[in-house]
Amino acid sequence: MMGGETGAEERVRYADLKPYSIVDDLDDLKGPKEDSLSLPVKLLWVPGSRVKSTDVLGELKSAYQAVLSEGSSADIEKYVNKDLLIEVWRDLSLPARVAKMWEDRFSALTGNMRASW
């Protein structure tokens, strides 16, 4: 080892430092319950359509994962619907810190088994 390194240094990951937003109250989530979401590129920066149907489970989960991971509080309030979030919460693939923040604040959101990173 060079320079007296012990190999015991902790690795700091971007996901550990990235700031995430959260709302104060689930009732603030006024996103559409029916129809579709047209997300801006700042939230869903992948090729293809950024219009996601709330009626198609995979599209709804993709949209909510993006908004919760990338959005501001205002974005979350605009695009996420309280009832739909509660319904799909357990199946969202979220950064572990995001899932923990939301579950710690809101008792209606529990058991996200897919939290990762």
Side-chain angles (χ1 to χ4, degrees):
M1 296 199 183
M2 297 179 62
E5 293 178 26
T6 64
E9 295 176 27
E10 273 194 51
R11 181 175 169 217
V12 177
R13 300 175 312 160
Y14 176 69
D16 297 330
L17 302 174
K18 180 181 179 190
Y20 295 107
S21 295
I22 191 168
V23 297
D24 293 325
D25 191 321
L26 285 180
D27 289 330
D28 294 338
L29 303 178
K30 304 292 187 187
K33 191 167 184 173
E34 298 172 350
D35 203 19
S36 62
L37 301 168
S38 182
L39 300 178
V41 72
K42 73 175 188 168
L43 297 178
L44 188 60
W45 32 277
V46 296
S49 177
R50 288 186 308 279
V51 177
K52 302 297 178 186
S53 172
T54 58
D55 295 328
V56 177
L57 183 59
E59 291 185 18
L60 177 66
K61 289 181 354 182
S62 171
Y64 279 15
Q65 289 163 182
V67 175
L68 295 176
S69 297
E70 302 296 331
S72 66
S73 298
D75 293 324
I76 295 167
E77 290 174 5
K78 178 178 179 178
Y79 294 109
V80 177
N81 176 278
K82 173 187 173 182
D83 296 331
L84 291 178
L85 178 63
I86 292 169
E87 185 178 320
V88 300
W89 178 255
R90 293 177 57 89
D91 296 319
L92 294 179
S93 295
L94 297 167
R97 280 185 47 230
V98 173
K100 181 169 178 21
M101 283 173 44
W102 284 79
E103 289 187 0
D104 285 351
R105 180 156 307 164
F106 304 113
S107 61
L109 303 176
T110 59
N112 182 298
M113 305 302 282
R114 299 181 55 112
S116 62
W117 311 349

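In this chain, numbering begins with 1 at the start of the sequence shown. These figures come from a predicted structure and were not determined experimentally.
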Compare all side-chain heavy atoms of [X] with those of [Y] and state whether any distance is below 4.5 angstrom.
| X | Y | value |
| --- | --- | --- |
| L94 | W102 | no |
| L85 | L68 | yes |
| D83 | L29 | no |

Would you say [Y] ends up clustered with [X] if hydrophobic residues are merged whenever their side chains have heavy atoms under 4.5 Å apart, either directly or through other cluster members?
| X | Y | answer |
| --- | --- | --- |
| L92 | I22 | yes |
| I76 | W45 | no |
| V56 | L43 | no |
| V67 | V51 | no |

Backbone N or O of [Y] within a donor-acceptor pair of the [X] side chain at under 3.5 Å?
| X | Y | answer |
| --- | --- | --- |
| S62 | G58 | no |
| K33 | K30 | no |
| Y64 | W89 | no |
| E77 | V23 | no |
| E59 | T54 | no |

Looking at every heavy atom in both [X] and [Y], which two are closest together, and how far apart are they?
| X | Y | value |
| --- | --- | --- |
| P32 | Y79 | CD-O, 4.1 Å |
| S69 | Q65 | OG-O, 2.9 Å |
| S21 | S72 | OG-CA, 3.5 Å |

Heavy-atom count around K100 NZ within 6.0 Å, excluding the residue itself: above 12?
no
In terms of heavy-atom contacts, does NZ of K61 have more than 12 from other residues, nucleotides or ligands at under 6.0 Å?
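Correct, the count exceeds 12.
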Roughly how far, to the nearest 0.5 Å, is the CG atom of L37 from the OG atom of S53?
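It comes to 8.5 Å.
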Distance, nearest 0.5 Å, that separates CG of D25 from CZ of R105:
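If we round to the nearest 0.5 Å, D25:CG and R105:CZ are 10.0 Å apart.
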Between E70 and K18, does any side-chain N to carboxylate O distance fall below 4.0 Å?
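A salt bridge links E70 with K18.
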Would you call K42 and D75 a salt bridge, using N to O less than 4.0 angstrom?
yes
Does R90 have any salt bridge (Lys or Arg N to Asp or Glu O under 4.0 Å) partners at least two apart in sequence or in another chain, and if so, which?
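So R90 forms no salt bridge (Lys or Arg N to Asp or Glu O under 4.0 Å) with any residue.
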